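This report concerns only the one structure given below.
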Amino acid sequence: MSQPRKSVIEVQGTVVTILSGQQEDYISLTDIARFKDSERTDYLIQNWMRNRNTIDFLGLWERLNNPVFNPIEFDGIRNSGKLRFAQLKV
């Protein structure tokens with residue numbers, strides 16, 4: 001297995017790291033969050049991961065790409081009362 005290749009792109013003045021594997025690419029969420037708030041990237045990503053639209057997207061992605069995905073377990077997570085929504089700041 002070869003090491004992923006690292007490259008960068010610049011988006012609206014922010015450098016974003018991309019790791020490229022054999023058949024997939026991974027984009028740094030931390031670099032993207034740094035555009036909005038360079039001091040609190042962890043907070044931004046944490047809120048994004050709690051957003052129902054993000055959870056639904058991740059569930060769909062898993063259904064399409066993960067042959068051992070457990071949709072029943074995922075539905076329990078998605079429908080739990082513990083899910084909170086990110087607050088939007090304008």
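The first residue of the sequence shown is numbered 1, and numbering continues consecutively from there. These figures come from a predicted structure and were not determined experimentally.
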Review point. Do other residues, nucleotides or ligands put more than 12 heavy atoms under 6.0 Å from the CD atom of Glu73?
Key: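 Result for CD/Glu73: open.
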Review point. Does CD belonging to Glu39 count more than 12 external heavy atoms closer than 6.0 Å?
Key: no
**Study point:** Heavy-atom side-chain proximity of Leu64 to Phe69 below 4.5 angstrom
**Key:**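 Contact flag for Leu64/Phe69 side chains = no.
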Point to revise | Note, Phe74 side chain near Glu62 side chain (heavy atom, < 4.5 Å) | key: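 They are not in side-chain contact.
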To the nearest 0.5 Å, how far apart are [atom1] in [X] and [atom2] in [Y]?
| X | Y | atom1 | atom2 | result |
| --- | --- | --- | --- | --- |
| Lys36 | Thr41 | NZ | OG1 | 14.0 Å |
| Ile9 | Ile27 | CD1 | CD1 | 6.0 Å |
| Thr14 | Asp31 | OG1 | CG | 8.5 Å |
| Leu58 | Asn51 | CG | CG | 10.0 Å |
| Asn79 | Ile55 | CG | CD1 | 11.5 Å |

Consider only side-chain heavy atoms of I, L, V, M, F, W and Y, link residues closer than 4.5 Å, and tell whether [X] and [Y] are in one cluster.
| X | Y | answer |
| --- | --- | --- |
| Phe57 | Leu29 | yes |
| Leu44 | Phe35 | no |
| Ile18 | Val11 | yes |

Check your understanding: Nearest heavy-atom pair of Leu19 and Pro4: which atoms, and what distance?
Key -> CB-CB, 4.3 Å
Review point. Where is the tightest heavy-atom contact between Arg52 and Arg78, given as atom of each residue plus distance?
Key: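 Closest pair (atom of Arg52, atom of Arg78, distance): NH1-O, 3.2 Å.
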Exercise for review: Could you tell me whether Arg63 and Asp75 have a side-chain N and a carboxylate O separated by less than 4.0 Å?
Suggested key: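 A salt bridge links Arg63 with Asp75.
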